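Shown next, in structure tokens, is the structure this report addresses.
These values consider heavy atoms only, across backbone and side chains, with no hydrogens, waters or symmetry-generated copies. Remember, it's a predicted structure, so these values are computed and weren't measured experimentally. Residue numbers start at 1 and run along the sequence shown.
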Amino acid sequence: SASEAGEATPYYVPGTVWEHIDFYLQPLDERPAFGACKDVRLAIAYGTDRATMVDEIQRGKTTVADTIMPPEHWAYPPEGMLTTYPDDSEKAIEMLAAAGFTGPDGDGTRTAAQDITCSVVTGVDGATTDKIIKAGTPLELKLNTTKGNVMREETTLLFQQNMTDIGVKVSLEYLPADTLFAKNEEGPLTGRRYDLGEFAWVSGVSPSVGLYWCDQIPSPENNWAGQNNPGYCNPNYDKVSKTADNTLERDEALPMYHEAQKIFSDELPVLPLFARVKVMATKPEVMNFMPNATVSSETWNIETWGFAAAP
């Protein structure tokens, strides 16, 4: 290879694009609202082998994501603050059974042993509504993602097998991007007519906490604006993250960003998977090329680049 021959210096860094799976807390159709049940969301997280996704699909060049930004980001919480979900299929199975999904039945799928009621917050005032999953409902989910993306196909196939192992039946539907992301009620994500959605967001220098504010839930009332497809609403999250966004001094905003991510990782309306790895290379004589996981362009410090003197 060029690297082994001394003709190039390779760089592998976690990028600003992070893949994730959206749950659905407030579907706008009549489908069973499994995503409204926190224990189901957490069980799915424990049942997902994200470490293998990183090792096999990203060639071990990135890390499992635990929040909405990479560990190198200035607003990343201190160690131990986030709730994390290491691969633990036994715990996932125990959680699903405790939540009332027993089985598996003849085809390996769990079902609701009785009516299961899960409450979900619907407004910034803290109002809630109950979502009822009827007894006998099989724990079956359809996952939508973009068509023709090999990385996402590999990721979702592994996820499908992970879910089979814990008694959750997942079917896969690959859609054209303009269909999946249509910004109207016909779009599965924006129209909140989906079970699971796998796609990516881009993190930036400013933490992307505003993605999941209550007022960012797409609806007919706001003409389907906003990116909060899961329908997640938490008044405490809104308050602390909006205050952080409106605080000019970074040191003052930092603990509030940490708290917002703590709330987010505990409630888990979205399952972060991994940051996509960025692969770059330079000639060996290039100096001060320093890829940064918190910015999207590798030329962020181009004014410092140079060339080593020839020997």
Do [X] and [Y] have side-chain atoms, one donor and one acceptor, less than 3.5 Å apart?
X: Tyr232; Y: Glu267; value: yes
X: Tyr257; Y: Asp245; value: yes
X: Thr156; Y: Glu198; value: no
X: Thr243; Y: Asn246; value: no
X: Gln161; Y: Asp165; value: yes
X: Arg152; Y: Thr146; value: yes
X: Thr117; Y: Asp130; value: no

Do the charged groups of [X] and [Y] touch, with an N to O distance under 4.0 Å?
X: Lys38; Y: Asp266; answer: yes
X: Asp55; Y: Lys61; answer: no
X: Arg50; Y: Asp87; answer: no

For the [atom1] atom on [X], are there more than 12 heavy atoms of other groups (residues, nucleotides or ligands in this structure) within a distance under 6.0 Å?
X: Glu303; atom1: CD; value: yes
X: Lys142; atom1: NZ; value: no
X: Lys262; atom1: NZ; value: no
X: Asp251; atom1: CG; value: no

Value rounded to 0.5 Å, distance of [atom1] in [X] from [atom2] in [Y]:
X: Leu175; Y: Asn144; atom1: CG; atom2: CG; value: 5.0 Å
X: Leu271; Y: Ile21; atom1: CG; atom2: CD1; value: 5.5 Å
X: Glu221; Y: Asp215; atom1: CD; atom2: CG; value: 13.5 Å
X: Asp49; Y: Ser89; atom1: CG; atom2: OG; value: 9.0 Å
X: Phe101; Y: Asp39; atom1: CZ; atom2: CG; value: 9.5 Å
X: Asn162; Y: Tyr46; atom1: CG; atom2: OH; value: 15.5 Å

I'd like to check [X] versus [Y] (side-chain heavy atoms, cut-off strictly below 4.5 Å). Are they in contact?
X: Thr48; Y: Met53; value: yes
X: Met69; Y: Ser208; value: no
X: Arg193; Y: Glu186; value: no
X: Asp66; Y: Tyr85; value: no
X: Leu141; Y: Ile44; value: yes
X: Met287; Y: Trp305; value: no
X: Thr190; Y: Asn184; value: no
X: Ser241; Y: Trp213; value: yes

List the atom of [X], the atom of [Y], and the distance in Å for their closest heavy-atom pair.
X: Trp224; Y: Gly191; answer: CZ3-CA, 3.9 Å
X: Val270; Y: Pro230; answer: CG2-CG, 3.9 Å
X: Ser203; Y: Pro70; answer: OG-CD, 3.7 Å
X: Leu196; Y: Phe159; answer: CD1-CE2, 3.8 Å
X: Pro176; Y: Lys147; answer: N-CB, 4.0 Å
X: Pro218; Y: Arg192; answer: O-NH1, 2.6 Å

Show your reasoning for whether ring-ring contact (aromatic ring centres under 6.0 Å, His included) applies to Trp201 and Phe199.
-> CA-CA 7 Å; Trp201 284 130; Phe199 60 104; 5.3 Å; yes
Are [X] and [Y] connected, step by step, through hydrophobic side chains (Ile, Leu, Val, Met, Phe, Trp, Tyr) whose heavy atoms are closer than 4.5 Å?
X: Ile68; Y: Ile217; result: no
X: Leu157; Y: Met151; result: yes
X: Met280; Y: Ile302; result: yes
X: Leu82; Y: Leu42; result: yes
X: Trp300; Y: Val205; result: yes

Could you walk me through whether Ile263 and Asn234 pass the side chain to side chain contact (heavy atoms under 4.5 Å, CB included) test, one step at a time?
-> CA-CA 9 Å; Ile263 294 170; Asn234 182 306; 3.7 Å; yes
With a cut-off of under 6.0 Å to the ring centre and 45° to the axis, is Arg250 in cation-pi contact with Trp74?
-> yes
Expected output: side-chain [X] to main-chain [Y] donor-acceptor under 3.5 Å:
X: Lys183; Y: Gly226; answer: yes
X: His258; Y: Tyr76; answer: yes
X: Thr62; Y: Gln58; answer: no
X: Gln160; Y: Val170; answer: yes
X: Glu154; Y: Ile57; answer: no
X: Thr111; Y: Pro138; answer: no

Step by step, work out the ring-ring contact (aromatic ring centres under 6.0 Å, His included) result for Tyr24 and Phe34.
-> CA-CA 8 Å; Tyr24 63 122; Phe34 296 116; 7.1 Å; no
Do Trp18 and Phe274 have ring centres separated by under 6.0 Å?
-> no
Would you please indicate if the ring centroids of Tyr11 and Phe289 are separated by under 6.0 Å?
-> yes
Which of these passes side-chain contact (heavy atoms from CB on, under 4.5 Å) with Pro235: Val240, Asp125, Val121?
-> Val121
For Leu139, the option from Ile133, Leu96, Ile166 that meets side-chain contact (heavy atoms from CB on, under 4.5 Å) | Leu96
Would you check, one step at a time, whether the test side chain to side chain contact (heavy atoms under 4.5 Å, CB included) holds for Met290 with Asn301?
-> CA-CA 8 Å; Met290 296 183 290; Asn301 69 330; 3.3 Å; yes
How far apart are the C-alpha atoms of Glu140 and Thr109, what are their side-chain angles, what is the distance that settles it, and do they pass the side chain to side chain contact (heavy atoms under 4.5 Å, CB included) test?
-> CA-CA 7 Å; Glu140 297 180 354; Thr109 304; 4.0 Å; yes
Could you walk me through whether Asp195 and Leu143 pass the side chain to side chain contact (heavy atoms under 4.5 Å, CB included) check?
-> CA-CA 6 Å; Asp195 296 335; Leu143 185 148; over 6 Å; no
